[in-house]
Amino acid sequence: NNQQVEEINEETNDTIPEFASEPLVKDNYTADPSAHVFEGKIYVYPSHDWDSGIPEDDTGAHFNMKDYHVYSMDSVGGEVTDHGKVLDVEDVKWASRQMWAPDAAEKDGKYYLYFPAKDENDIFRIGVAVGDSPAGPFEPQDEPIANSYSIDPAVYKDTDGAYYMYVGGIWGGQLQRYRNNEYQGEEDVYPADDEPALMPKIARMSDDMLGFAEELRDVQILDKEGNPLTTGDNERRFFEAAWVHKYNDTYYFSYSTGDTHNIAYATGDSPYGPFTYQGVVLEPVLGWTNHHSIVEYNGKWYLFYHDSSLSGGKTYLRSMKVAELKHNEDGSIETISAYAN
Ligand code: FUB
C-alpha cells in the first residue's frame, strides 16, 4: 500500500509522497502516536497538532498543542474511533502551554495518561492524569510528577509487572539544561562533540503510578565496542522520542536522532540498559520530526509513526500512520522506509 514520491512542496522543496500509507485520521492532525493494547483493542495516544500561528524556531514553539484526543481500533487497517478530547491544558493547574508527546499505562483497572507540558516558568515537566477507561477522560493531578523534567515520557510495563518511565529530549526538550538531575539554568549546555552525548533518563514508577520510586538515572547507549555514543555522533545519538519493547527476552530501546531524522534502536538485557546501538527502524519522513511507538497485536508487530504529507509538508501539522514491523531471525529489525514500494 505504499507508493513512490510524486509531488514537490513548493514552499519547502520537500518531496511529498502521494499517500504512502494513509493517515489513520484525516479530520485532525495527530503526531507522536503511542500505541498500546488495552481491553483487546489498539488504543493510540497522540499529540494533537493544530495551526496556532506561532512561527517555527529551534525550541519548537510552533508545536503549541493544547489538548489530547484518544483513538482506538479493533484491527490495523480497520475503522479508527476518535474518543474525543480527553484532557485540556486549561484543566491542568500547573501547565501553561505546549502539550507534547504523551503516553499511557494501565494498572489494576486504572488508566494513566502521562504528558509533557511547560509550567508557568516555561520549563517542561511531566504530568499525569488518571481515568477509569483507556478512552478517557483523564483527571489531571494538581502538580507535575515530582523530580520530573524534559519531554516525551514513555511508560513500559515489564513482563514481571514493574513499570518504568523513560523520558528526555534535547534542544526544545530542555534535557541539556540538567546535570545529575539538577537544573543548571536556561543556557543550553552540551558536552563536547567527542564526549558522551546527553542520555535519556529512566525511573521505576511508584506503586500508585503517580510518581517515581527512585531517582532518574541515565540510559546508556553504547556503540558495539562498548563506548557511549558521543555528542558529535548526530547520526546515532539520542535526541528524543524514547520507546521500549521486548522481543524474545531482549529489550529494544528505540528513539529519534532528531536533526538526522531517523528512528534508531539499541538492544540490551535490562530495562535500565545499557543498550547497544543496532541500526535504523524508520528512515526520515516528510517533516522535521520523527516519532514512533512499537506494539504487538494479534501476533504481529506494528510501528506507529507520523509524517506531514496530509498538510503538504508542514512540520507542525502531522498525521499518524502505521506500518508492519519485522524482527529478523538474528533479532535485528528490518529498516522501514515509509515511502518505498
Ligand atoms: O510533538 C512535539 C514534539 O515533537 C515531541 O514531543 C517530539 O518528540 C517531537 O515529535
Side-chain angles (χ1 to χ4, degrees), residues 1-35 44-65 69 71 76-77 80 98 100-101 151-152 169-173 234-236 239-241 243 254-265 279-294 302-325 333-341:
N1 62 346
N2 287 339
Q3 291 176 12
Q4 286 289 20
V5 164
E6 302 217 343
E7 278 180 58
I8 302 281
N9 177 320
E10 283 167 18
E11 263 174 53
T12 61
N13 238 5
D14 274 338
T15 46
I16 302 178
E18 183 94 356
F19 292 115
S21 99
E22 287 286 304
L24 289 168
V25 170
K26 289 189 182 166
D27 60 349
N28 262 317
Y29 288 109
T30 54
D32 312 319
S34 292
V44 191
Y45 301 84
S47 301
H48 179 194
D49 285 356
W50 68 297
D51 193 348
S52 69
I54 295 197
E56 292 189 32
D57 68 17
D58 276 352
T59 72
H62 46 298
F63 296 112
N64 192 27
M65 296 82 101
H69 282 227
Y71 297 86
V76 173
V80 177
Q98 289 183 287
W100 282 14
I151 59 164
D152 291 1
I170 61 173
W171 290 26
N234 301 49
E235 287 292 331
R236 299 189 299 175
F239 190 101
E240 61 188 4
W243 188 261
S254 48
Y255 58 96
S256 170
T257 61
D259 53 341
T260 52
H261 315 289
N262 286 312
I263 299 298
Y265 75 104
V280 170
V281 176
L282 176 64
E283 291 177 347
V285 294
L286 183 69
W288 199 93
T289 65
N290 203 350
H291 192 128
H292 71 301
S293 62
I294 294 170
Y302 295 98
L303 175 79
F304 284 76
Y305 65 101
H306 67 225
D307 80 1
S308 296
S309 34
L310 186 63
S311 67
K314 290 197 176 67
T315 250
Y316 56 92
L317 295 178
R318 301 159 291 180
S319 301
M320 56 181 180
K321 297 184 165 186
V322 62
E324 193 176 343
L325 176 139
I333 290 178
E334 220 168 83
T335 302
I336 295 172
S337 165
Y339 311 122
N341 270 317

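Everything numeric in this text was worked out from a predicted model, so none of it was measured.
- Annotation: the span from Ser293 atom OG to Phe304 atom CZ amounts to 6.5 Å, rounded to 0.5 Å.
- Between Tyr265 atom OH and Tyr255 atom OH the span is 11.0 Å, to the nearest 0.5 Å.
- Under 3.5 Å, the side chains of His62 and Thr315 contain no donor-acceptor pair of N or O atoms.
- Distance check: Tyr305 OH to Leu24 CG gives 9.0 Å after rounding to the nearest 0.5 Å.
- Across all non-hydrogen atoms, the minimal contact from Gln98 to Ala61 is NE2-CA, 3.5 Å.
- Note: Leu310 CG to Asn28 CG = 10.5 Å, rounded to the nearest 0.5 Å.
- Counted by atom type alone, Asn262 and Thr260 present zero donor-acceptor pairs between their side chains at under 3.5 Å.
- Between Thr59 and Trp100, the closest heavy-atom pair is O-CH2, 3.6 Å.
- Contacts of Glu235 classified as salt bridge (Lys or Arg N to Asp or Glu O under 4.0 Å), with partners at least two apart in sequence or in another chain: none.
- Screening Asn290, Thr30, Thr289 for a side chain to side chain donor-acceptor pair (under 3.5 Å) with Arg318, the sole residue that qualifies is Thr289.
- Counting all heavy atoms, side chain and backbone alike, Ser47 lies closest to Asp32 at OG-OD2, 2.6 Å.
- Expressed to the nearest 0.5 Å, how far CD of Glu240 lies from CG of Asp259 amounts to 10.0 Å.
- In terms of the ring-ring contact (aromatic ring centres under 6.0 Å, His included) criterion, residue partners of Phe239 (sequence neighbours excluded) are, by chain and number, Trp171, Trp288.
- With values rounded to the nearest 0.5 angstrom, Met320 atom CE is found 12.5 Å from His291 atom NE2.
- A side-chain donor from one of Ser309 and Asp307 sits under 3.5 Å from a side-chain acceptor of the other.
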